[in-house]
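First comes the structure, then the notes that go with it.
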Amino acid sequence: MTQPVTTPRPACDPATELDVRFRAAIRAVIGTEVDPQIRPSGNAKFGDFQVNAAMALAKERGTNPRALAEEILQSADLADIAEKCEVAGPGFVNVTLTRACIERALTKLSMSETLGVPAPTDPHAVVVDLCGVNVAKQMHVGHLRATIIGDSLARVFERLGRKVWRENHLGDWGLPIAMTLAKLLREKADFARLTLDDLNHAYRGAQRETSTADLDAAYEFHCGPHRIAEFEVQYEPARIAMEDAKKTLVRLQSGDTEIVRRWERLIEVTMEQVYEAARTLHVKVGPENNRGESFFRDRLGGVVEAFAKSGLAKSDRGAMVVPFADRERPLLIQKSDGGFLYATTDLAAVRFRTYELDGSLVVYVVDARQRDHFRDVFDAARTIGWNKTSDGAESTLVHLGFGAVLGPDKKPLKTRSGENFTLKDLLDEACERGTAEVTRRAADPNAPTHGLPSSELAKIGAAVGIAAVKYADLSGDLTKDYVFDLDRMIAFEGDTGPYLQYAHARIASILAKSGETHAAIVAAPFALSEPAEKALALHLLRYAQMALDVGRTLETNRVGLYLRTLAELFNAFYQSCPVLKADDATTRLARLRLCAMTRAVLADGLSLYGIVAPDRM
RNA sequence: GCCCCGGUAGCUCAGUUGGAUAGAGCACCCGCCUUCUAAGCGGGUGGUCGGCGGUUCGAAUCCGCCCCGGGGCGCCA
């Protein structure tokens, strides 16, 4: 867990400067270097920033916190940046920055290509395991989370300047796929014209046909021989189907070209829905991200061998297991029949991701129910030393276990008809409702969208609908179960994706109507005369820190929280500060520049969620 | 039985990692469009932060014990 790198700090953020100065002041007073705990003030009446370190330090040293705060403040050199500093309450130091200081920082921010995000100190890659579909299965709403959370994190790390690998660990290998394949072959299916529904149907059919649940139960409960014989006759077709499936699996594993070709076709058909969903969702997942279970098939024997050789695995009841000192149940890496398990594949994947992809951070975006499994896999990987990059740097393995998606009744989501809600159903509905709403509003002759062709309205509608879905999902606590309510998700008022898009569209509209060139706007000096302008500016300056925080904590909801606050502050500014009809030309240009800066940050923040920001809506 | 994750306004959720008077949205009530998009803004009603105890200047946040809900526990993935 120890990251040797010092956390970079955003140069544009005044908090960085305050941190430097108060760190020095504290060192001057107590002789040691500690975190001064600079925080944005919770309440504007206390100033812009607060320094919280004095109280904790006073406790340690058994001195008076207010007196210590006073001492720190006296030795802090703030003349050029603060207009007011004072000790308040039990020992807070409140700092109000000068207008010039904030304007300088803002100017710096507007010239930064990365919106103030510092270059990464860790040269290694970040690997994000996302999506996780299974061949022959429909994408359901759970895949929405695994896909958009993973994509959003990938985008955040790209913004932080890291090399990112999006890994789609498809379930494309093993008996279930062989069963489906065998059934399709028995039914002489036309592989050239297969649809996902055909695959899904075959998959379910194969599951039913090979099910021997009653027979298994009869053995388990030691039913009489007569009863068992009865079941055996009844289940003869299931036995035959299973035998067929196993033969198909052997042919697949041994590389039978005919079978492999058909298997590839199954994957192709399955993945087309993934790519389509990815396009709709503005998620960067394509064929280049496919690295499924089959990719690791030749490495599984090596995994077991490595663990056996190092003495970390032992034989137990005919199977190979990795025992742990602190828990009863071991990790099973090879079945008694010699077959491998998903833990084996996951271990091979860990090794690949740290050593070959050079990931110093590997994030698994997989639902929370697999928490125990990943704990075991990661611990096993650590004990054998596979949590290392190619140059020996330590790699952090994280399972980001997200909560289940529930219906309004708090049970797994269903449609009205009781069928499982597929991802496609959800996205279609979102785009449809978004388009209906945009079209309805465009009917108003005063609407900026009035008169646009319906294709354009549909484009905006889809952006709005998808924004609603993504924002609702990403802006909450990822680890919690979450109640899916389309009516609330596609709402256009309040704390929603469209609320953010709306703020962006308002800014775009102002900039377009100003008649000024981008060059003229960027050349104008900032002038923060109103409180609403200052509040907006201070929040813009925090963007980089927010991005760094998301990289550190993997909490995508911080992006949403930041953007909602930004939009609120912009709306407050919009309400109280006329831009195009400002009192004078200088103020007009200064406000236009503030608008341009806000727009850039808002659009960049939305891009961290993969949300499109239309200029009109 | 063991382990993990939750419990905050009527509903859905935030809460910047221990900070100042616990905040939004929906719903409900009042106000703001001859002025840059009212998908907006301002105000109001609404709280035993599951319960009890502890740690300290300070707890929704940390520690302990309970209550309630969800999930996971060897040859499926």
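These values consider heavy atoms only, across backbone and side chains, with no hydrogens, waters or symmetry-generated copies. Residue numbers start from 1 in every chain, and the chains themselves are labelled A, B, ... in the order their sequence lines are given, proteins ahead of strands.
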(request) With salt bridge (charged side-chain N to carboxylate O under 4.0 Å, His left out) as the test, would you mind laying out the steps for A:R297 and A:E293 before giving the verdict? (result) CA-CA 7 Å; A:R297 63 190 183 232; A:E293 292 164 351; over 6 Å; no
If I pick the [atom1] atom on [M] and the same atom on [N], what distance separates them, to the nearest angstrom?
| N | M | atom1 | result |
| --- | --- | --- | --- |
| B:G19 | B:C28 | P | 36 Å |
| B:U16 | B:U56 | C1' | 22 Å |
| B:G1 | B:A20 | P | 41 Å |
| B:U12 | B:G74 | P | 34 Å |
| B:G51 | B:A59 | P | 15 Å |
| B:C5 | B:G64 | P | 12 Å |
| B:G23 | B:U48 | P | 16 Å |
| B:G46 | B:G10 | P | 11 Å |

In Watson-Crick or G-U wobble terms, both distances under 3.5 Å, what is the partner of [N]?
| N | result |
| --- | --- |
| B:G31 | B:C41 |
| B:C2 | B:G72 |
| B:G19 | B:C57 |

Using a heavy-atom cut-off of under 4.0 Å over every strand shown, decide if [X] touches base, sugar-phosphate, or nothing.
| X | value |
| --- | --- |
| A:N557 | sugar-phosphate |
| A:A368 | nothing |
| A:P578 | base |
| A:Q207 | nothing |
| A:T449 | nothing |

Is [X] near enough to [N] that one of its side-chain N or O atoms lies under 4.0 angstrom from OP1 or OP2?
| X | N | result |
| --- | --- | --- |
| A:N571 | B:C41 | yes |
| A:K480 | B:G7 | yes |
| A:R506 | B:A38 | yes |
| A:R371 | B:C4 | no |
| A:S509 | B:C36 | no |
| A:Y499 | B:C41 | yes |
| A:R558 | B:A14 | no |
| A:Y342 | B:A77 | no |

Just how far, in rounded Å, is [atom2] of [N] from [atom1] of [X]?
| X | N | atom1 | atom2 | answer |
| --- | --- | --- | --- | --- |
| A:L580 | B:U37 | CG | C1' | 12 Å |
| A:H373 | B:G74 | NE2 | C1' | 13 Å |
| A:D477 | B:U8 | CG | C1' | 13 Å |
| A:F46 | B:U21 | CZ | P | 8 Å |
| A:F340 | B:C76 | CZ | P | 14 Å |
| A:L57 | B:U56 | CG | C1' | 15 Å |
| A:D549 | B:G15 | CG | P | 13 Å |
| A:L474 | B:C13 | CG | P | 15 Å |

(request) Taking all non-hydrogen atoms of both residues into account, name the closest pair between A:T270 and A:N134 and its distance. (result) CG2-O, 3.6 Å
Closest to the [X] side chain: [options]?
| X | options | result |
| --- | --- | --- |
| A:A505 | B:U37, B:A39, B:G19 | B:U37 |
| A:K335 | B:A39, B:C76, B:U16 | B:C76 |
| A:P498 | B:C57, B:A39, B:U37 | B:A39 |
| A:L561 | B:G70, B:A14, B:G19 | B:A14 |
| A:Y502 | B:C75, B:U37, B:C36 | B:U37 |
| A:K513 | B:A77, B:G70, B:C36 | B:C36 |
| A:D372 | B:C41, B:C3, B:A38 | B:C3 |
| A:K59 | B:G58, B:U16, B:G72 | B:G58 |

(request) Run the ring-centre check on A:F570 versus A:F573 and record whether the distance is less than 6.0 Å. (result) yes
(message) Between A:P330 and A:V93, which residue's closest nucleotide on RNA chain B lies nearer the 5′ terminus?
(response) A:V93
(request) For A:D316 and for A:R616, find the nucleotide of RNA chain B with the closest heavy atom, then tell me which residue's nucleotide is more 5'. (result) A:R616
(request) Verify, without hydrogens or angle tests, whether A:R593 (side chain) and A:R588 (backbone) share a donor-acceptor contact under 3.5 angstrom. (result) no
On the side chain of [X], is there an atom forming a donor-acceptor pair with the base of [N] - under 3.5 Å, no angle test?
| X | N | value |
| --- | --- | --- |
| A:N94 | B:A20 | yes |
| A:Q50 | B:A20 | yes |
| A:K45 | B:U21 | yes |

(request) Please say whether the positively charged group of A:R327, taken as NZ for Lys or CZ for Arg, lies over the ring of A:F324, i.e. under 6.0 angstrom from the six-membered ring centre and within 45 degrees of the axis. (result) yes
(message) Syn or anti for B:U34, given that syn means the glycosidic angle lies within 90° of 0?
(response) anti
(request) Have a look at B:C33 and give me syn or anti from its glycosidic angle (syn if within 90° of zero). (result) syn
(message) Can you tell me if A:F92 is stacked onto the base of B:G19, using a 5.5 Å centroid cut-off and an angle below 30°?
(response) no
(request) Step by step, work out the side chain to side chain donor-acceptor pair (under 3.5 Å) result for A:D477 and A:T479. (result) CA-CA 6 Å; A:D477 183 341; A:T479 63; 2.8 Å; yes
(message) Going by ring pair (Phe, Tyr, Trp, His ring centres under 6.0 Å), A:W173 matches just one of A:F295, A:F296, A:W263. Which one?
(response) A:W263
(request) Examine the side chains of A:T16 and A:D19 and answer whether a donor and an acceptor come within less than 3.5 Å of each other. (result) no
(message) Counting C-beta onward and ignoring hydrogens, is there a side-chain heavy-atom pair between A:D346 and A:H169 closer than 4.5 Å?
(response) yes
